[in-house]
Amino acid sequence: MAGIVIVFDFDRTMIDGDSDNWVVTEMGLTEIFHQLRFTLPWNRLMDRMMTELHSQGRSIQDIEACLKRMPIDSHIVEAIKSAKSLGCDLKIVSDANQFFIEKILEQHNLLDCFSDIYTNPTSVDENGKLRILPHHGGGAAASTPPHSCNLCPPNLCKGLVMDHIRASSSSPNDQILTRFIYLGDGGGDFCPTLKLRECDHVMPRTNYPLWKRISDKSSLIKADVKEWSSAEELQRILMQLSLYIYSFGADSHEDARDSEVFIHPSAVVQPSASIGKGVSVGPYCTVGSSVKLGNDCKLYPSSHIFGNTELGESCVLMNGAVVGDELPGGYTVIGGNNIIGHHAVVGLKCQDLKYKHGDECFLSIGNNNEIREFCSIHRSSTSSDKTVIGDNNLIMGSCHIAHDCKIGDRNIFANNTLLAGHVIVQDYTHTAGATVVHQFCHIGSFSFVGGGSVVSQDVPKYMMVTGERAELRGLNLEGLRRNGFTMSEMKSLRAAYRKIFMSTETVPLSLEERLTKMEHNQELCSVAAVGAMLQSIRDSFTEGRRGICKFRQWLDS
């Protein structure tokens with residue numbers, strides 16, 4: 001198997017900012033920093049800032065607390081952990097300093113992912129002051145002797161560090177099998193880029209100094225260049241390159257970037273599976289014999305897909321996801337550009353006793369859905385029905401969608417939303433966390449369900465419900481506004497809602513009588529949204545339906 005060494009710059013690559021500037025700004029050193037900015041080399045300047053902090057009575061613990069507030073994008077965190085799980089050797093080469101880098105990484109549980117960090121060393125002197133020394137040429141306490149590279153600052157030549165990493169990562173017998181991926185942004189990253197070979201890759205951040213130098217001097221660059229502009233793009237390209245390289249193993253001489261399908265040697269892919277172009281299958285994945293993978297699908301490590309299952313183009317299975325089931329009949333069909341989150345299970349056998357072994361059962365999912373970690377979505381319970389999910393839905397972590405549910409488009413289900421069997425959810429609905437919906441209930445379009453609610457009856461269109469036994473609490477006006485309803489439409493809906501559920505009639509009327517009276521109001525019923533709301537209420541009382549959620553005011557009238 002080919003080995004991969006991934007070398008990260010730190011500032012503006014791993015973190016979207018500069019750790020030195022962060023400390024200067026957060027700890028109130030901006031004024032003195034600008035006074036000294038052009039009088040000292042950067043490394044000595046930051047050491048001077050630590051002296052200033054010490055003189056102000058600020059401790060090492062104060063600096064550490066400041067560094068812990070430095071954010072790292074979740075895509076970067078995920079990319080690092082995924083690369084580590086693939087077996088890549090991760091290193092950092094940075095012009096920041098040891099203390100800053102280690103404390104930030106510790107805060108995000110990333111320090112153990114890196115085998116080496118090459119940077120400006122730090123120490124604490126006898127007075128408790130943090131000292132920052134140059135990596136090259138800093139006397140007895142420095143890591144290495146001075147350098148003479150005219151491309152790099154005097155305190156650190158990343159090219160020399162790259163030579164050291166290459167020498168320590170390979171032996172004469174297997175050097176050709178170790179490939180390097182270098183990620184950087186600054187001008188100091190150009191020197192190590194020149195050290196990379198044709199089989200290596202460099203990932204410069206778009207429109208930053210390294211990218212500009214590579215663009216100006218492209219003839220000097222041997223490595224494959226893969227530019228990135230966002231953390232999400234960095235994650236995608238880095239994982240793709242890692243999977244590509246691992247796909248070819250130790251004996252292959254084919255260049256990874258020219259291949260169409262990339263399968264890690266440890267993955268189990270049945271020969272009869274249909275694999276589209278540009279598919280990447282990571283380590284320890286399983287692809288069953290009847291599976292169809294569309295073009296550009298990505299299977300992250302330890303994800304599995306079984307049975308009569310089809311994935312459209314550009315779908316992603318995150319680590320540990322399981323899709324499909326080896327059932328005797330039926331299928332799981334998933335459209336394009338869907339993300340199946342970490343350890344989610346999609347398309348498995350339903351949890352319904354009326355299912356009989358051997359029956360066909362079905363699940364159909366549309367396009368552009370994001371199904372997050374630990375979700376479960378089951379196939380139908382009978383051959384005469386199917387579980388259906390539309391397009392552009394966000395299904396957050398640990399949600400459950402049971403057998404025979406029908407989910408429309410552009411819905412948002414917050415964490416731990418649980419839908420029992422045969423639930424119908426229309427379009428543009430939003431549930432808050434820990435929502436539970438009873439079997440056979442209908443959730444109307446543009447409605448909102450408050451957190452912790454138990455919905456045991458229908459929620460009509462446009463309405464908001466909440467409560468341990470969910471009750472109507474008015475219209476979902478904020479949701480309507482966000483989804484483009486006009487002020488005139490919302491005013492009409494509000495007037496109609498009041499006439500139905502908040503009537504001031506002196507003679508109490510039943511709900512049926514109020515609906516009938518409302519339907520004779522030509523002014524309001526001429527508004528299409530009002531007509532849709534009335535029809536949604538009417539439909540909830542047809543045979544086999546559960547009626548609508550209760551509303552305390554009209555029950556008391």
Side-chain angles (χ1 to χ4, degrees), residues 405-406 408 411 419-420 422-432 435-557:
C405 284
K406 307 291 185 295
N411 297 289
L419 306 184
H422 303 277
V423 167
I424 294 178
V425 181
Q426 295 181 327
D427 305 323
Y428 294 92
T429 70
H430 190 167
T431 69
T435 293
V436 178
V437 183
H438 191 282
Q439 61 187 8
F440 293 101
C441 283
H442 288 225
I443 310 296
S445 296
F446 301 100
S447 60
F448 177 84
V449 182
S453 298
V454 177
V455 179
S456 57
Q457 292 178 285
D458 292 356
V459 180
K461 285 185 176 181
Y462 315 129
M463 297 190 189
M464 180 168 56
V465 302
T466 190
E468 191 275 331
R469 278 295 182 267
E471 298 177 342
L472 299 181
R473 297 299 175 93
L475 292 171
N476 180 23
L477 294 175
E478 182 61 23
L480 297 176
R481 183 189 64 79
R482 291 181 179 181
N483 285 290
F485 281 71
T486 65
M487 290 300 296
S488 176
E489 287 176 310
M490 288 191 287
K491 184 178 180 180
S492 297
L493 283 168
R494 202 170 193 174
Y497 183 92
R498 287 179 175 274
K499 289 181 180 295
I500 298 170
F501 299 116
M502 304 175 70
S503 175
T504 57
E505 298 280 352
T506 55
V507 178
L509 301 176
S510 67
L511 177 61
E512 171 62 31
E513 290 171 326
R514 294 183 188 191
L515 288 173
T516 301
K517 186 175 181 179
M518 184 66 241
E519 289 165 346
H520 286 89
N521 188 320
Q522 294 183 359
E523 179 183 357
L524 290 177
C525 286
S526 65
V527 178
V530 172
M533 183 177 73
L534 291 173
Q535 189 60 52
S536 178
I537 297 170
R538 285 283 192 196
D539 290 344
S540 293
F541 291 96
T542 57
E543 185 177 357
R545 296 282 291 272
R546 298 184 59 81
I548 64 173
C549 289
K550 300 299 185 290
F551 183 72
R552 63 170 70 98
Q553 185 162 337
W554 65 260
L555 282 177
D556 295 339
S557 62

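Just so it is clear, the model here is predicted, and its values are computed rather than measured.
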Trainee: For Ala420 and His438, work out which heavy atoms get closest and say how close.
Mentor: CB-C, 3.9 Å

Trainee: Is there a donor-acceptor pair closer than 3.5 Å between any side-chain N or O of Ser540 and the backbone N or O of Ser536?
Mentor: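 Such a contact is found between Ser540 side chain and Ser536 backbone.
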
Trainee: Taking all non-hydrogen atoms of both residues, which atom of Ser492 and which atom of Leu524 are closest, and how far apart?
Mentor: O-CD2, 3.8 Å

Trainee: Near Arg546 CZ, under 6.0 Å, is it more than 12 heavy atoms from other residues, nucleotides or ligands?
Mentor: yes

Trainee: Looking only at heavy atoms, which two atoms of Ile548 and Pro460 are closest? And how far apart?
Mentor: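 Looking at all heavy atoms of both residues, the shortest contact is CG2-CG, 3.6 Å.
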
Trainee: Between Glu471 and Arg473, is there a side-chain N and carboxylate O pair less than 4.0 Å apart?
Mentor: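 Yes, Glu471 and Arg473 are salt-bridged.
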
Trainee: Looking only at non-hydrogen atoms, find the nearest pair between Ala432 and Phe448 and report the distance.
Mentor: CB-CZ, 4.1 Å

Trainee: Step by step, would you call Asp458 with Met463 a side-chain contact (heavy atoms from CB on, under 4.5 Å)?
Mentor: CA-CA 11 Å; Asp458 292 356; Met463 297 190 189; over 6 Å; no

Trainee: Which heavy atom of Met490 sits nearest to which heavy atom of Leu480, and what is that distance?
Mentor: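 Smallest interatomic distance, heavy atoms only, reads SD-CB, 3.9 Å.
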
Trainee: When rounded to the nearest 0.5 angstrom, what is the spacing between OH in Tyr497 and CD1 in Ile537?
Mentor: 9.0 Å

Trainee: For Glu512 and Thr516, what are the C-alpha separation, side-chain angles and deciding distance, and is it a side-chain hydrogen bond (donor to acceptor under 3.5 Å, both in side chains)?
Mentor: CA-CA 6 Å; Glu512 171 62 31; Thr516 301; 3.2 Å; yes

Trainee: Just how far is it from atom NZ of Lys406 to atom NE2 of His422, taken to the nearest 0.5 Å?
Mentor: 8.0 Å

Trainee: Does any non-hydrogen side-chain atom of Ser447 lie less than 4.5 Å from one of Asn476?
Mentor: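 They are not in side-chain contact.
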
Trainee: When rounded to the nearest 0.5 angstrom, what distance separates CG in Leu472 from SG in Cys549?
Mentor: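 Those atoms lie 6.0 Å apart.
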
Trainee: Quick one: pull up CZ in Phe485 and CZ in Phe446 and give me the separation to the nearest 0.5 Å.
Mentor: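 The CZ atom of Phe446 is 4.0 Å from CZ of Phe485, to the nearest 0.5 Å.
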
Trainee: Just by modelled atom types, is the Thr429 backbone N or O under 3.5 Å from a matching donor or acceptor in the Asn411 side chain?
Mentor: yes

Trainee: Counting C-beta onward and ignoring hydrogens, is there a side-chain heavy-atom pair between Leu475 and Met533 closer than 4.5 Å?
Mentor: yes

Trainee: Measuring only between side-chain heavy atoms, which start at C-beta, is Phe501 closer than 4.5 Å to Arg514?
Mentor: no

Trainee: Which value, rounded to the nearest 0.5 Å, describes the distance between Ile500 atom CD1 and Glu519 atom CD?
Mentor: 8.5 Å

Trainee: Under the criterion side chain to side chain donor-acceptor pair (under 3.5 Å), which of Arg469, His442, Lys550 is the partner of Gln457?
Mentor: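 Of the listed residues Arg469, His442, Lys550, the side chain to side chain donor-acceptor pair (under 3.5 Å) partner of Gln457 is Lys550.
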
Trainee: For a quick test of reading the model, state the closest non-hydrogen atom pair linking Thr466 to Gly450 and the distance between them.
Mentor: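 Nearest heavy atoms, Thr466 then Gly450: OG1-CA, 3.7 Å.
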
Trainee: Decide if atom CZ of Arg482 counts as having more than 12 heavy atoms of other residues, nucleotides or ligands within a radius under 6.0 Å.
Mentor: no

Trainee: Start with the C-alpha distance between Leu493 and Val527, add both sets of side-chain angles, then the distance that settles side-chain contact (heavy atoms from CB on, under 4.5 Å), and finish with yes or no.
Mentor: CA-CA 8 Å; Leu493 283 168; Val527 178; 5.9 Å; no

Trainee: For the pair Lys517 and Glu513, find out whether any cationic side-chain nitrogen is under 4.0 Å from an anionic carboxylate oxygen.
Mentor: no

Trainee: Once rounded to the nearest 0.5 Å, what's the spacing between atom CD1 of Ile443 and atom OG1 of Thr431?
Mentor: 9.0 Å

